[in-house]
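Structure first, then comments.
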Amino acid sequence: MQETKKIKKCPYCFRNIANDEAGFLLRPDGARFLSPALNEVVSPKRDLAYLYFWNAMGVPEEQVDDNRIYIDNQGMTELNQELTAAGRELAVKHFDTESLGYSFHVEEGAVTLYSNTMICPHCHNVLPHNFFKYEMLMIGLAGSVASGKTVYLSSLMMNGFDAMQRENLVVRNAGGNPHDNYKVEMEKNADRLMKRGICPGSTNKTFRKPIFLEITYRVEEKGMSILTAIYDVAGELIRESAGVGRTGFVRHMDGFICLVDPSQMHLEHSFITKQIPEEEKVLEKLRLMSKEEQISIQRLSNQNGKQVMGQGDYLVEKENSEEYLYERRAETILEAIRSGVGDSELGKKYMALTIAKSDLLEELGEIRGYCGSSLLFERSRPVYGFMNMDHHFLRQEILKQIFDKKVFRLQRNLDDYKESSLFAVSALGCETEEVREDGGEVTKAVGKVRPIRVEEPVLWMVMKYMRERGWLE
């Protein structure tokens, strides 16, 4: 097959790149060549493009692993000039007809160096597998501080995204570099959650690498695939004065999963078995606490008999401080998305408005009072297709009532999106407690981790994306 030029948007810096412009991340594994030019190529060097990108996204220089081995088109041209002059074999790029990408190959005598790990020529981040072959759906996972975004992602990743698999739906990890530190960290978090019930800690306010998935839907002999990138939209999204460099990526999302913490809902206290005494005094004290201390109070309140606080503001800006206002109102995140994306662009985005930690509501009498509410906590999943759409539509009707009465009026918040839907999920499906383990305090599941349909917001968005392209009936 003749080489085909493909142009895609980098999922990190969002600049357009052509497949023949991509560079390569190399792993020589100790190989040594006769040519000094080749040995220079396979020696680690400071990758300034990579460093500058992550610095701009808020990661301190000392935390960026910029000592890398890579080669770009300019480096390849210079290398070939030296190798040709020395009478050596040329370094070449091979076009892959299957992935529409390239691989790098250089051979000197019995030593061969090969790489198909492509990097963006601008920011030098590793591109996912089949990046130039498939369309990409970009999903921003948004939520206020301590809404459970990182635990949600870990729950999705548990057991190799097993929750998302269906009889005719196959989900694979599509990360381009299996040795990436962040990918390894997330996989360890997912493994600890699955095997020991230990929840990952809160993330900082920096841009995080997305999780890449390849999702294939098969009908008879026909298979339709897309890449899906899930971004952890950290707390900086709701900082009113946050710099564009750190939040500009929000504009490029195709859709959002917006997590609503039960503590953002206006719920009665009559069903609480263990109260934090004198709530008004607690709220007054919150105004003097650091952000981390306030998060601890929230965790404590969730553990104490499903305590849910129904006040408007949770985190309050300290006087003469650079901390920005974090509110517990559920509208805050939607308003921030609207501000970051722009009113005119909302009509191109999907919105999956999702109650997180829904197991905290399972025993609340005022939630159980809604007809059919048991469907919200259903843990079984279909083995065919995307979702049980009959149950999904029934849940929509229940959730519309709950949102309108306990959160906010839906119409004014969701009408401007291209498509919107309501979900109730739980990354754990059980209570948590603070315990001492591994030499420190950790949050641990009480009992077996049994997630409640964590996959549905993602699969709903994938289904809508495919249907728009005529891939589904």
Side-chain angles (χ1 to χ4, degrees), residues 3 8 10-13 17-55 59 61-133 172-188 209-210 212 214:
E3 290 189 22
K8 297 285 293 293
C10 172
Y12 293 91
C13 66
I17 54 177
N19 51 353
D20 60 357
E21 294 175 337
F24 300 90
L25 192 66
L26 308 178
R27 288 183 59 84
D29 295 324
R32 299 293 295 173
F33 295 90
L34 295 174
S35 166
L38 271 175
N39 283 326
E40 184 177 344
V41 166
V42 299
S43 299
K45 53 184 173 291
R46 201 165 195 206
D47 189 341
L48 293 180
Y50 187 75
L51 172 65
Y52 294 159
F53 172 82
W54 287 105
N55 275 176
V59 181
E61 184 172 330
E62 62 274 11
Q63 294 180 20
V64 181
D65 185 12
D66 60 350
N67 199 34
R68 309 167 91 213
I69 304 173
Y70 67 93
I71 190 165
D72 53 22
N73 279 358
Q74 180 181 345
M76 204 172 304
T77 299
E78 294 171 357
L79 176 63
N80 276 332
Q81 289 172 348
E82 286 210 38
L83 293 180
T84 303
R88 307 289 187 190
E89 292 291 329
L90 294 178
V92 295
K93 289 202 299 189
H94 293 290
F95 180 69
D96 181 11
T97 57
E98 178 64 25
S99 69
L100 303 183
Y102 285 82
S103 60
F104 171 75
H105 177 96
V106 65
E107 186 173 339
E108 183 189 62
V111 182
T112 299
L113 181 60
Y114 169 85
S115 175
N116 62 353
T117 305
M118 294 186 293
I119 61 175
C120 170
H122 307 297
C123 65
H124 285 195
N125 281 287
V126 174
L127 302 173
H129 294 303
N130 290 321
F131 174 69
F132 291 103
K133 181 178 182 179
R172 304 182 185 89
N173 192 317
N177 179 14
H179 305 284
D180 179 78
N181 290 338
Y182 177 66
K183 176 178 177 292
V184 172
E185 175 194 344
M186 289 297 294
E187 288 173 344
K188 285 181 179 178
K209 291 182 180 179
F212 295 110
E214 183 180 311

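This one's a predicted model, so the numbers in the text were calculated from it and none came from an experiment.
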Assess whether side chain to side chain contact (heavy atoms under 4.5 Å, CB included) is satisfied between M76 and F24, documenting all intermediate values.
-> CA-CA 10 Å; M76 204 172 304; F24 300 90; 4.2 Å; yes
Quick one: list whatever passes ring-ring contact (aromatic ring centres under 6.0 Å, His included) with F132, sequence neighbours left out.
->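 So F132 forms no ring-ring contact (aromatic ring centres under 6.0 Å, His included) with any residue.
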ring-ring contact (aromatic ring centres under 6.0 Å, His included) partners of H105, counting only residues at least two apart |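 For H105 the ring-ring contact (aromatic ring centres under 6.0 Å, His included) partners, ignoring immediate neighbours, are H94.
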Kindly say whether [Y] contributes a backbone atom to a donor-acceptor pair with the side chain of [X] at under 3.5 angstrom?
| X | Y | value |
| --- | --- | --- |
| N177 | T117 | no |
| S115 | L26 | no |
| R68 | H124 | yes |
| N19 | G101 | no |

Could you please spell out the steps behind the side chain to side chain contact (heavy atoms under 4.5 Å, CB included) verdict for S35 and L83?
-> CA-CA 8 Å; S35 166; L83 293 180; 3.6 Å; yes
Strictly by modelled atom types, are K209 and N125 linked by a side-chain donor-acceptor pair under 3.5 Å?
->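 Their side chains do not contain a donor-acceptor pair, so the 3.5 Å distance test is not met.
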Check: [Y] and [X] side chains under 4.5 Å, non-hydrogen atoms:
| X | Y | result |
| --- | --- | --- |
| L34 | E108 | yes |
| H129 | R172 | no |
| Y102 | E3 | yes |
| F104 | V92 | no |

Heavy-atom neighbours of K188 NZ exceed 12 at 6.0 Å =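 No.
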Within a radius of less than 6.0 Å around CD of E40, do more than 12 heavy atoms belonging to other residues, nucleotides or ligands occur?
->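 Check fails, neighbour count at 12 or below.
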Euclidean distance, [Y] [atom2] relative to [X] [atom1], rounded to 0.5 Å:
| X | Y | atom1 | atom2 | value |
| --- | --- | --- | --- | --- |
| L38 | R32 | CG | CZ | 10.5 Å |
| I17 | H122 | CD1 | NE2 | 6.5 Å |
| L25 | N116 | CG | CG | 11.0 Å |
| Y52 | D47 | OH | CG | 10.5 Å |
| N173 | E214 | CG | CD | 10.5 Å |
| L51 | C123 | CG | SG | 12.5 Å |

Begin from the C-alpha positions of K45 and Y70 and carry the test side chain to side chain contact (heavy atoms under 4.5 Å, CB included) through to its verdict.
-> CA-CA 8 Å; K45 53 184 173 291; Y70 67 93; 3.9 Å; yes
Search all heavy atoms of [X] against all heavy atoms of [Y] and return the closest pair with its distance.
| X | Y | value |
| --- | --- | --- |
| V126 | Y12 | O-CE1, 3.4 Å |
| N73 | A22 | OD1-O, 4.0 Å |
| L113 | V42 | CD2-CG1, 3.4 Å |
| F131 | P11 | CE1-CD, 3.7 Å |
| D65 | Y50 | O-CE2, 3.6 Å |
| A91 | L79 | CB-CD2, 3.9 Å |

Report the C-alpha distance between K133 and E98 in whole Å, list the side-chain angles of each, state the deciding distance to 0.1 Å, and finish with yes or no for salt bridge (Lys or Arg N to Asp or Glu O under 4.0 Å).
-> CA-CA 8 Å; K133 181 178 182 179; E98 178 64 25; 2.6 Å; yes
With sequence neighbours excluded, what pairs up with R46 under the salt bridge (Lys or Arg N to Asp or Glu O under 4.0 Å) test?
->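 Only E61, D66 meet the salt bridge (Lys or Arg N to Asp or Glu O under 4.0 Å) criterion with R46.
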Would F53 and V64 satisfy side chain to side chain contact (heavy atoms under 4.5 Å, CB included), going step by step from the backbone distance to the final call?
-> CA-CA 10 Å; F53 172 82; V64 181; over 6 Å; no
